[in-house]
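One structure below.
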Amino acid sequence: MAEERFDFREAEPRWQQKWDQEGIYKVERDPNKPKYYALAMFPYPSGKLHMGHVRNYSIVDVIARFRRMKGYNVLHPMGYDSFGMPAENAAIQKGVSPAVWTKSNIAEMTEQLKQLGYSYDWDRAVYTYREDYYKWTQWLFLQFYRQGLAYKKTAPVNWCPSCQTVLANEQVVDGKCWRCDSDVTKNNLSQWFFKITQYADELLEDLRLLEKGWPDRVRTMQENWIGRSEGAKVAFTLEATGDKIPVFTTRPDTIYGVTFMVVAPEHPIVEKIIESGLIDGDRVTAIRAFQEKMKSLNEIARTSTEAEKEGLYLGVDVTNPFNGEKAQLWIANYVLMDYGTGAVMGVPAHDQRDFEFAKKFGMEIKVVIQDAAGTVDAATMTEAYAEPGAMVNSGPFDGTPNLEGIAKVAAFAQEQGFGEKTITYRLRDWLISRQRAWGAPIPIVYCDKCGTQPVPESELPVRIPDDLNFTGEGGSPLRRHEGFMNATCPSCGGPARRETDTMDTFVDSSWYYLRYADANNAEKAWNPEDVDYWMSVDQYVGGIEHAVLHLLYSRFFTKVLRDMGYVKVDEPFSALLTQGMVLKDGSKMSKSKGNTVSPEEMIEKYGADACRLFIMFAAPPERDLDWSDAGIEGAYRFVNRFYRMVMSALPAYQHARSLLPVHMGNLAGFMGALTEQEIADGLRKAEPNLTPEDKELRRMIHATVKRITNDLHDRFAFNTAISGLMEMTNAIYAYRDKLDAEDWNLRTLVLAEAIQKAILIIAPFCPHLADELWSKLGYQESIHLHPWPDFDENVARAESVEIVLQINGKVRDRLEVPAGITAAEMEQVALASDKVKALIDGKQVVKVIPVPGKLVNIVVKG
RNA sequence: GCGAGAGUGGCGGAAUUGGCAGACGCGCAAGACUUAGGAUCUUGUACCGCAAGGUGUAGGGGUUCAAGUCCCCUCUCUCGCACCA
């Protein structure tokens, strides 16, 4: 008996099959229930699940199961983000087609997900690589195109030499490719973009809607990424050619302090100056050398704060439109072509970076903001003065407080016609072209006569041919596929070339959460009624690495689709939980370090339930979790301890049932289960016979149910919820040992109630174990369709509580007092305590502070 | 450099609103059962001290009857941004 264990190897697959057959996790729209959309970021089908996946999906599964039991209509779907490089690499290396490789990985991962007992509605699975999905990705592209939100332009773009494709800015991390870590270079190419900058302001503003639901960290990261900056644009004049060079500045109030100007080495004005013949050959050679040097450095090396400031005088001067003063024109490493206007005014007195540059190259420092004491002095200053002050040496603005000056100077420039107030963003448009074949082809053809033509919607999808030749050389295989390349122009019917770039896989994942609402629609991307019912996602869970990638793109998509009338929500994800990583020995699991833990082996050894329980118990969800082999052993032991607890209580449970009249619900016979109502009614009858131990167990159970419910509902404190469950289990063990079998009567309902509630609570964490034990109680229907246990406030309330007596804040005694005790009574009993009396003897009681139900602090002197 | 988060026993972590620091688990120790146990059950387990008692939440200071929690300074770690004009 003592060695009895939960036979997970037999029971887990059996329950999985039963759930599948009965379709208990399938979900439809239901106007009579509140809806709840629980979503995990869908995986790339790389082959096998890793522990990070298990953690992510276990968290969402617990949330989904809990909400389901709480009476919500829960949408909990899963799918695969299944376009992308690894499939193509497999094709190149192993000669297997990307589709075959992807499909077999999906099959394997789906099998694993099923083994873990996740409550997905598999009928709603989405697979981005399939025609029935990417047809709609292409359709969405056409909608964007029609709105002018998809456009093609030639620009310097990020190029990953290893992936042989361009990348969006968000996909370049520290100057390296987010996927393969190679150094990214800049290439000038004609590429397709989505105009995400058109939504920059709203994407920033609406972060406020997410204040409650999203972590500060992610909101801040998006805020920084969008990088809104208010200021002014002012055009300086290159007298020699008459060209205007606009600069962007956030400090127009310092414009009278300009002593030089710097442009990016690749700024077009540089070419113009060279072409104009204004400067001699030696200088041209020097400029060329400087440009070459900058080009050879990657972005990080060139623009890091650590890097020494480098610059070169171009030999020409510009004129400040405010005062007509001349300033030297330079190029320098620290000025970036793709931010602002690529040109910066140099105000060394009031900008630290300009100060350092001026010091190094011997430029004049001119003070135009003065502090109250008048101590800012160009001759003695050792760093830029960036504090507030009054404008000086600033013509008509002298005496103006500089913070007011910012707006006034900008307004003046606007009046005079050489500048304007403006806002600059760090955010760039989203480059979506990829020179890869395993993605959704961009539905565009090029006709010599008619130009760029969108593929008509009726001709979608533009299919990826299944006879592509993956060699790894010579660019995308689509380019070499004649059948794909050659198209007819939808406008004139003449011969045309097809666009051979595919879309960034982040386009696929920017709308998959909408497709889940209506996953099998062959006529439309989705039916608005379904999307309106299910959206927005109530709880989204995934890794922090998508803070400015997927999460920003999806927000953008939602806003565009809202403006086009396809969705009604402003934001796709009302609440976001970023789960921590799963570590081993303090560092990230990786094959190269050899510190991986395979979910497969863990499930095989301890079962899915133990695995899920450990991962939910070991750390709060947003924190990193260090995998511990001893820890999962502990979870495994608990699963069995729980199982034994219920099994050993079954005779008492059955005894209680035999004492109750057979109810309608129990007509199935003696194997029928006790309903909550029957237990509650029976306990009411048994009330006079209940011993203090009985009452204490009931109190403990009800109080703990309350606490756990709160942990799960309000704060995703799965770890403390599980510790509560363990405490319940410990209490039931202790109680059971005292329950004398000779003395059985309706009292055994106390135990019946306790185990029933405990099984219900463990259900979201250990779904197989719970259903197994639930059926042992006699229930025919799955526990996962049963409501979450409730608790009775009156039962949960303790009759007496232990209070602490403190003297000067130190604990000196403890007393058992009635729960409803008043502050005055507390004070009285505290001062009556022998221990307290002895300790305060001969001292003066200054103050007595009673805290109801908790403690009394006696402050004494002397 | 800027921004965010974190720092609590041997370890993972708990303390929800300023009110008993260390719940729960791991590990360890002892006992019971046992042919045996790495199974199971029970008990103990922050530190110092024989004890009474004292000390203790990165370090220092402060507010308060009372501080892991609030305020100020310092240190360390993690993450994000990083010459953004």
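By convention in this document, chain letters (A, B, ...) are assigned in the order of the sequence lines, proteins followed by strands, and residues within each chain are numbered from 1.
Residue whose closest nucleotide on RNA chain B sits further toward the 5' end, between A/D626 and A/I544: A/D626. The 5' end of RNA chain B is approached more closely, in terms of each residue's nearest nucleotide, by A/D216 than by the other of A/R251 and A/D216.
With ring centers used as reference points, A/F260 lies under 6.0 Å from A/F357. A/F418 and A/F322 have their aromatic ring centers within a separation under 6.0 angstrom.
Relative to the side chain of A/Y733, the nucleotides B/C41, B/G12, B/A85 differ in distance, and B/C41 lies closest. Nearest to the side chain of A/V335, among B/A39, B/C83, B/A85, sits B/A85. Among the nucleotides B/C65, B/C41, B/C84, the one closest to the side chain of A/R644 is B/C41.
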Identify each donor-acceptor pair in which a side-chain atom of residues 823-830 of chain A lies under 3.5 Å from a protein atom, sequence neighbours left out, and give them as a table.
{"residue": "A/E825", "atom": "OE1", "partner": "A/T822", "partner atom": "N", "Å": "2.9"}
{"residue": "A/E825", "atom": "OE1", "partner": "A/T822", "partner atom": "OG1", "Å": "3.2"}

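Atom CD1 in A/I803 sits roughly 15 Å away from atom C1' in B/A66 (whole-Å rounding). As a whole-Å value, the separation of A/R217 CZ from B/C81 P is 11 Å. B/C84 atom C1' lies 14 Å from atom CE of A/M345, rounded to whole Å. Separating the NZ atom of A/K233 from the C1' atom of B/C84 is a distance of 15 Å, rounded to the nearest angstrom. Between the P atom of B/C79 and the NE2 atom of A/H546 lies a distance of 18 Å, rounded to the nearest Å. Atom-to-atom, CZ of A/R353 to C1' of B/C2 comes out at 14 Å; the value is rounded to the nearest Å. When the P atom of B/A85 is taken as reference, atom CG of A/D338 falls 13 Å away, rounded to whole Å. The distance between atom CH2 of A/W627 and atom P of B/G13, rounded to the nearest whole Å, is 15 Å.
A/D354 comes within 4.0 angstrom of no nucleic acid atom, judged by non-hydrogen atoms across all strands. At the heavy-atom level, A/P215 lies nowhere under 4.0 Å from the strands shown.
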Could you run down the sub-3.5 Å N/O contacts of the protein with nucleotides 32-34 of chain B?
none

Expected rows: protein N/O vs nucleotides 54-56 of chain B N/O, under 3.5 Å:
{"residue": "B/G54", "atom": "OP1", "partner": "A/R812", "partner atom": "NH2", "Å": "3.4"}
{"residue": "B/G54", "atom": "OP2", "partner": "A/R812", "partner atom": "NH1", "Å": "3.4"}

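For the C1' atoms, the distance from B/C33 to B/C41 is 8 Å, rounded to whole Å. Comparing the C1' positions of B/C28 and B/G9 gives an interatomic distance of 13 Å, to the nearest angstrom. Across the P atoms, B/C11 and B/C47 are found 11 Å apart, a figure rounded to whole Å. On the C1' atoms, B/U17 is 42 Å away from B/C84, given to the nearest whole Å. B/G27 and B/G12 have their C1' atoms separated by 11 Å, with the value rounded to a whole Å. Between the C1' atoms of B/G19 and B/A52, the separation comes to 27 Å (whole Å). Atom C1' of B/A23 sits at a distance of 13 Å from the matching atom of B/U8, rounded to the whole Å. Spacing between B/C70 and B/G18 at atom P, rounded to whole Å, works out to 8 Å.
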Item to complete: Whenever both distances are under 3.5 Å in a Watson-Crick or G-U wobble pair, mark it; put RNA chain B into dot-bracket that way, with [ ] for crossing pairs and | when the partner is on another strand.
Response: (((((((..(((......[....)))((((((.......))))))(((....)))..(((((..]....))))))))))))....

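Between the side chains of A/S648 and A/R736, a donor-acceptor pair is found at a separation under 3.5 Å. Side-chain contact check for A/Y256 and A/N320: no donor-acceptor pair (N or O, by modelled atom type) lies under 3.5 Å. Side-chain atoms of A/D629 and A/W627 include a donor-acceptor pair closer than 3.5 Å.
For B/C81, neither phosphate oxygen OP1 nor OP2 lies less than 4.0 angstrom from any side-chain nitrogen or oxygen of A/R426.
Checked for salt-bridge contact, A/K706 and A/E793 meet the test: a charged N lies under 4.0 Å from a carboxylate O.
Taking the side-chain contact (heavy atoms from CB on, under 4.5 Å) definition, one finds that A/T220 meets it with A/N224, sequence neighbours left out.
Here the side chains of A/M345 and A/V234 are not in contact, with every heavy-atom distance at 4.5 Å or above.
Contact detail for A/I708 and A/L725: the closest heavy-atom pair is CD1-N, 3.7 Å. Summarising the geometry of A/P321 relative to A/A235, their closest heavy-atom pair is CG-O, 3.3 Å, with the distance given to 0.1 Å.
Ring orientation note: the planes of A/F361 and A/W330 are tilted relative to one another, at an angle of 30° to 60°. A/Y643 and A/F6 have tilted rings, their planes meeting at an angle from 30° to 60° on a 0 to 90° scale.
Remark: side-chain polar atoms of A/R555 are paired, donor with acceptor, to backbone N or O of A/L203 under 3.5 angstrom. Here the side chain of A/R228 pairs no donor or acceptor atom with the backbone of A/D201 at under 3.5 angstrom. A distance-only check finds a donor-acceptor pair linking the side chain of A/N808 to the backbone of A/V860 [under 3.5 Å].
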Discussion item. For a quick check, with a 4.0 angstrom heavy-atom cut-off, what is the B/S/- contact string for nucleotides 16-31 of chain B, read 5' to 3'?
Written reply: B--BB--BBSSS----

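Its glycosidic angle being within 90° of 0, B/G9 falls on the syn side.
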